There are 2 protein chains.
Amino acid sequence: MSIKGLFPIDKWDFKSESVLADLPAEDFDLLTAHQTEQVYKKGEIIFREGAYPAGIFYIKAGKVKKYKLDKEGKEHIIYVANKEELLGYHAILSEDRYPDSAASIEESRIAFIPKEDFLAVLNQSPVLNRRLLKTLSHEFAVLANSLSMFAQKNVRERLALQLIVLREKYKVNFKPGMPVEINMSRDDLANLVGTGRENVVRVLTEFKESGILKTQGRKIIINDVNQLIIIADYK
Amino acid sequence: MSIKGLFPIDKWDFKSESVLADLPAEDFDLLTAHQTEQVYKKGEIIFREGAYPAGIFYIKAGKVKKYKLDKEGKEHIIYVANKEELLGYHAILSEDRYPDSAASIEESRIAFIPKEDFLAVLNQSPVLNRRLLKTLSHEFAVLANSLSMFAQKNVRERLALQLIVLREKYKVNFKPGMPVEINMSRDDLANLVGTGRENVVRVLTEFKESGILKTQGRKIIINDVNQLIIIADYK
DNA sequence: TTTAAAAATTGATATATCGCACATTTTGCA
DNA sequence: TGCAAAATGTGCGATATATCAATTTTTAAA
């Protein structure tokens, strides 16, 4: 039985809404009453898997990778979070430790909100409750997608898909109509796709030869997203 | 940098708490006021990915697989849900369609709760809100684990891990101390591990020869869980 | 601008696992 | 209980990907 065409890849929802949007002013003020802001340099760690959470983070500017380390210390990137996204709330809600680590992949400005404030607002705000439930269940769907993609697609197809997703995330840095530059190390890209650096380079070269994209040093500029969609969705 | 030993696999939390436990009687009664019960035969589909949700499901007895289909119709099992677990609430909370499909893997007795009742209780019950947030964020952690496991472990290691997890789920069917029988088709097992049936059979044979387990027809009886833990955690 | 260190790229080889074809066993139904 | 269909198990060639080593390019600091 085939469900071909039921969920074409170009209809997927890559964008994540801000959890804090539409929050009543009263709740928002209470939530941000004791926030402190910090600039994280590229590569700086925000929190570590296994640590107990002291609060949540709100990305005001920049990009953050959420990742897990295997026993040899090789990292696998689970998600790239963009500005205006909330970070580190899973650990508090699950009453457990951080399930993953977070580090900035470019210089980022991030606000810290103490656990007490977050829980206080959570206890009084139906809107925040509803919004978090929506966000979490949406995240579940995205993660489930990634998981089955991993089981069913090869490196070439996975890289194509990640490039499409990353293009959306880097779009916000550029004017509409301008070509979008993905500025990410091959190592991070490899850890996101779940393969080695060398394999990413090889597939990237292949894409370059097909005219799908071009590279300028570390930067990747996508010329033909449709071609990527076809590749990612092929199997 | 190594985090060796930080999260030994035998300390992982495989069990999922019932979302409905500790729910105030009032909320529970309202939630179950219009529930209807149905017996699903082995293999019967409960809901399909992409459909709009009409309500949620509560597994009273049996086991259910949550899965996604690729374009050729090959399924990838994301999760095996046990009795006393809630099903299908992601779609309602995310205000979207089902992100995956669900089907029984053994004869199951399942209650259906209409969407309206679920949302009504959600609007009035802080306990249910809190519990759902906890469950969803826990699910996220479990899924993130699966994802990074996929990226970093081979078929042998993944199968070992899934056998450990399944053993926990099948435990409830047997008396303490009695050997636990995992009764699952090789196809389902392969779709859970993310490989082909043949590869599962090959690794299973290998495990059998090492005295880790034995098989009786379709049934798998684990003799040496510790050995499995070592294998799953090896890399 | 120069230069050293870091990152990216290319090549070659080893290895896991995929997927087909076929044999065997088990299961459930008449 | 017997039988057909379904599920399981086995062998093997093809292939994608991992891994190691060496080279080139880029980056960022002096």
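For the numbers below, each heavy atom of this structure counts, side chains included, while hydrogens, waters and symmetry mates do not. In this text the structure is predicted, and so the values were computed from the model without any measurement. The sequence lines fix the lettering, A, B, ..., with proteins before strands; numbering per chain opens at 1.
Distances shorter than 4.0 Å separate none of the side-chain N or O atoms of A:Arg202 from OP1 or OP2 on C:dT9. Look at B:Thr205 and you won't find any side-chain N or O under 4.0 angstrom from OP1 or OP2 of D:dG9. Look at A:Asn199 and you won't find any side-chain N or O under 4.0 angstrom from OP1 or OP2 of D:dA16. Here A:Thr195 reaches the OP1 or OP2 of D:dA18: one of its side-chain N or O atoms lies under 4.0 Å away. A sub-4.0 Å separation between OP1 or OP2 of D:dT8 and a side-chain N or O of B:Arg218 is present.
Which of C:dG19, D:dT8, C:dA8 sits closest to the side chain of A:Asp187 comes down to C:dA8.
Between A:Lys219 atom NZ and D:dT25 atom C1' there is a gap of 15 Å when expressed in whole angstrom units. Rounded to a whole Å, the CG atom of A:Leu204 is 17 Å from the C1' atom of D:dT17. In this structure, A:Arg158 atom CZ and D:dA18 atom C1' are separated by 12 Å, rounded to whole Å. One can place CD of A:Gln152 at 18 Å from P of D:dA16, the figure rounded to the nearest angstrom. Atom-to-atom, CG of A:Asn154 to P of C:dG19 comes out at 10 Å; the value is rounded to the nearest Å. Going from atom CG of B:Asn191 over to atom P of D:dA7 covers 12 Å, rounded to whole Å. Atom pair A:Glu106:CD and D:dT27:P shows a separation of 16 Å (rounding to whole Å applied). The CG-P distance, from A:Leu159 to D:dA16, rounds to 16 Å in whole Å.
Taking the charged nitrogens against the carboxylate oxygens, A:Asp233 and B:Lys71 do have a contact shorter than 4.0 Å, which makes a salt bridge. Salt bridge absent: B:Lys60 and B:Glu84 never bring a charged side-chain N and a carboxylate O closer than 4.0 Å. Using a cut-off of 4.0 Å between Lys/Arg side-chain N and Asp/Glu carboxylate O, A:Lys68 and A:Glu49 are scored as salt-bridged.
Both B:Glu198 and B:Lys42 sit near DNA chain C, but only B:Glu198 has its closest nucleotide nearer the 5' end. The residue among A:Gly217 and A:Val155 whose nearest nucleotide of DNA chain D lies closer to the 5′ end is A:Val155.
B:Phe174 CZ: more than 12 foreign heavy atoms inside a 6.0 Å radius.
The residue from B:Lys169, B:Glu85, B:Gln162 that alone fulfils the side chain to side chain contact (heavy atoms under 4.5 Å, CB included) condition with B:Val80 is B:Lys169.
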